[in-house]
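From a predicted model like this one, the values you see are computed outputs, not experimental measurements. In what follows, every heavy atom counts, from backbone to side chain, and hydrogens, waters and symmetry copies are set aside. Lettering follows sequence order; numbering is per chain, from 1.
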Amino acid sequence: MDHSATPQTHPTLLVVDGHSLAFRAFYALPVDNFSTKDGQATNAVYGFLTMLSQVIETEKPDHIGIAFDVKGGTFRNELLTQYKGTREAAPEELLTQLPLIQQALTALGVRWIEKPGYEGDDVIATLATMGEHDGCRVLVLSGDRDSFQLIDDDVTVLYPGYHFKDLKHMDPAAVEAKYHVTPGQYPDLAALRGETSDNIPGVPGVGDGFAAKWINQYGSLDAIIEHADEIGGKKGEALRDNIDQVRLNRRVNALVRDLDLGVTIDDLDYGRVDADLTERLFNELQFGERTRTKLLTTFNTAPDDTPTPAPAIPTIIEPLVDALTDTASLTMWIEQYCPPADPTEERPDPTLDITAEYDHQSTQCADAVRRSWTLYIDGDAKPGHASAHMAAIIAGAHAVAFDPADPRYHDTLRTLLDTHADSLSVHGYKEHLHMLAAADLTCPTVLFDTNLAGYLIDPDFQGGSLEECAAHFLDIHLDDHDDTPKQGTLGFEDNDDQDDDPAQRCIDHAAVVAALARRLAPELERREQYPLLRDIELPTSRVLFHMERTGASVDRARLDELHTQFADESAQMEAIAESAAGRSINLQSPKQLGVVLFEEMGLKPTKKTKKGAYTTNAAALQTLYATSEEGSKANEFLGALLRHRETNKLKQIVETLIDAINPKDGRIHTTFTQTVTATGRLSSVDPNLQNIPNRNADGREIRSGFVPGEGFVDLLSADYSQVELRIMADLSGDEALIEAFRSGADFHRYVASLVFGIPVDEVTPDERSRVKAMSYGLAYGLSTYGLSKQLGISNGEATKLRDQYFETFGKVHDYLESLVADARRTGYTETIFGRRRYFPDLNSPNRQRRDAAERGALNAPIQGSAADIMKIAMIRADRALRDAKLASRIVLQIHDELVVELAAGEVDEVIALVKDAMEHAVDLAVPLDVSTGVGTDWQRAAH
DNA sequence: GGCCATTCGTT
DNA sequence: GACGTACGAATGGCCT
């Protein structure tokens, strides 16, 4: 017996019209403000969930059921063929969000229900009726007025007003006040009036007012129909003319209240969130931290099994800004506030072999980061012309800002960095190294980098800037020179009046970094990524900093020569093409090309592009060229066009390189971005030096423009052969594949002999290349279709090749399957060193997305492991060169290749050191093979 | 000046 | 109906 003082209240059941709410949310929130980076609209998902969350907070229901419509018609369409006929097919952007809403509800532990052949409205009516019978107070959240018929003393409809978030509580009194009929009479009224949004015509000229008047006069629709003759005037006549329609309307708008839904009220409990699923989905939706926290606390009410409470978002501290006057004041400030690293904490010995002691290091960083101090430098981090304008330090609750080049503070800062880097958190270690270098300062490896940490936590998150990281991980939106107010964002309180003060601005940013570090460190630990940050990414940043600062030396005269050469031929080809076309044309415009080729020359319609037009890509042009009549205008035009494409592209590449030459040193300083690729690879920008032509002879000539700089004699090119396949051999443990590598024979030839069951020396070049394509295709998730297309063989032959291959290398097959299966289970893949990539799309209802995710899950661990290995090799090679006090230095990395500038007299020693660093970066079941070449330019260094 | 689509260079 | 990963960058052509 319940002796508590509070009276026993009825439990509350919340019933939601899923489609209605999704529609309302979609049209209420601008899609532009709610989209993921890859263009998936999320406004309806966001609006739906926050609205639901808001209602739950306010109404505190005990049970929740969400009703959805099912695709396909209902019994209503049979009654009324035009039913909902004018309703625009919901926009694609909304439709794609419905499955996401349902997935989110499942993840959040909320039951949703649909019933084929019926509408969500009927499900709602049934649930409401069920709740009422079970003694519940029922709330129906719906924007559909048909639901008003459900209203009674126990059932209230929550009806969104003009502003989406204003909910009107429609109870019997509210309905009577608005429509002057009872809720039970509302469908009669609606039948007379019609419903434009559902394409249901009512009696012409009859609106709510007349309908209510008649209902009150006669009591019901039946009675009105019975006395239809007595009603005079135009409206009476209209009623009589439309009696059948009105009867039909009434049948259609009557909700079914007794469906068999297979659920009881107890099935509509909620409160147990699937944290893992939710996180993956919210990552995919790119929800900010505030949204996540809000939703999780609302939906996760179960007192028990809630193992991982949402991590608290550290508040941005508003530090006490201390004024500096001289060296002594900064020195004192540092002594007082800047923490030295915890001496009891084990710091990795920088000379330690990364792989050897890998498992014995601490995997914790959160405590150290909480105690850490923060440095933020405002300046330009572009290698070649870096600069530092302002530095801000936050330590504890205190902050200072000063010009790092100011002689009063310069040496103090130098000492601080030299002695306290291991308790320092920054956003962008590499960038800070560039800016510090501009102020003649260095900095040993730091404790924590929020940019690298954010990348390791979620490598698919695009955006390394502090602003973007703050938005993504803290849901804090800094001003970014954008005056347009952003929906649902908060201004950064500190800078309202201090916007113009560079010192204050710098401190504000440092405060964000401090908060970000405290938010990310525990998350990094939770995902077991801290060892990667400490042992791979941070040391890699140092190496990249040196490479970028050094730059790659180029032979300007050679590049100019190549430019002229390509430009000449390009112009020549353009002239030929224009003469063949009989008019002037911009050959670089696919649109104009389309007109000439497919309209004026009337060439056969080739393949389509992604969006409508006929493609004019090289493959298509090649086909057209091959099939065009020899000597025809079209043939002549296509030949010139194809050659123009090539030479013009090469001309442009050379031009870009020339423009990128730094006048100060005549070298090209690329920037290696470390937090861009989802797999762990680096990328190169401004300019991109990782896509210098290499496939064709004339393009490859450009590489001859890369030369050793002054004081250096040669370039060394060292690259891994078949790293990805070796990784596949190691990870799969396939004995046959491992043996293929250990044998030291020509790998593809050896594999072909196994696959085709013939002696090695009988393998034809064709067989070798097929097997080679197959081997590489595997790691990319290549389909047999793709394989057949690439090799120019039939799909059947490709399938046969694949089957033979897997028969030979059974464990490779099992391994590749297990990659996808594991990823589907855990939500992520892992490289050899534990680098993760998440694949929420593996469970996508969309086939294409799912297939793409599967290919990604196949590729990410393999490509990612190769990237890890190369990063380790770079760290080792860089260290080996420095330890040996050699002048030779790494200048470029092209995924599996290193380019090293060789100083006189060091050639043999450097080759040995670099080769060793690369070959022993990691110990696999198969040897890593590195081939090297030396030459006076990059092309000659090829091997 | 910003944004998208097309095209093409690398591994 | 699509159908190999991961990228960066130039161009034209449209928008504001």
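Checked for salt-bridge contact, Arg849(A) and Glu284(A) meet the test: a charged N lies under 4.0 Å from a carboxylate O. Under the 4.0 Å criterion applied to side-chain N and carboxylate O atoms, Glu854(A) and Arg824(A) are assigned as salt-bridge partners.
Spacing between atom CG of Asn648(A) and atom C1' of dG9(B) amounts to 13 Å, rounded to whole angstrom units. Computed from coordinates, the Leu650(A) CG to dG9(B) P distance equals 7 Å when rounded to whole Å. Between Phe566(A) atom CZ and dG9(B) atom C1' the separation is 13 Å, expressed in whole Å.
If you check the side chains of Ser704(A) and Arg558(A), you find a donor sitting under 3.5 Å from an acceptor.
In this structure, Phe806(A) places its CZ atom where more than 12 heavy-atom neighbours from other residues, nucleotides or ligands lie under 6.0 Å away.
Residues from residues 890-899 of chain A with heavy atoms under 4.0 angstrom of DNA chain B, sorted by number: Ile894(A), His895(A), Asp896(A).
Counting any heavy atom pair closer than 4.0 Å across all strands shown, Arg855(A) reaches sugar-phosphate atoms only and no base atom. Using a 4.0 Å heavy-atom cutoff across all strands shown, Lys591(A) reaches sugar-phosphate atoms only and no base atom. Residue contacts shown for Arg645(A) are limited to sugar-phosphate atoms, with no base heavy atom under 4.0 Å away. Within 4.0 Å of Gln863(A), counting heavy atoms only, lies at least one base atom of the nucleic acid. Using a 4.0 Å heavy-atom criterion, one finds that Asn586(A) contacts the sugar-phosphate atoms exclusively. The residue Gly777(A) sits apart from the nucleic acid: no heavy atom pair falls under 4.0 Å. Heavy atoms of Asn691(A) sit under 4.0 angstrom from at least one base atom.
Comparing Pro459(A) and Ser589(A) against DNA chain C, the residue whose closest nucleotide sits nearer the 5' end is Pro459(A).
Using a 30° and 60° split on the angle between ring planes, Phe461(A) and His472(A) fall in the parallel class, below 30°.
Here Asn586(A) pairs with nothing under the side chain to side chain donor-acceptor pair (under 3.5 Å) rule; sequence neighbours left out.
Taking the 5' to 3' direction, DNA chain C first and last meets chain A under 4.0 angstrom from a heavy atom at dG1(C) to dC14(C).
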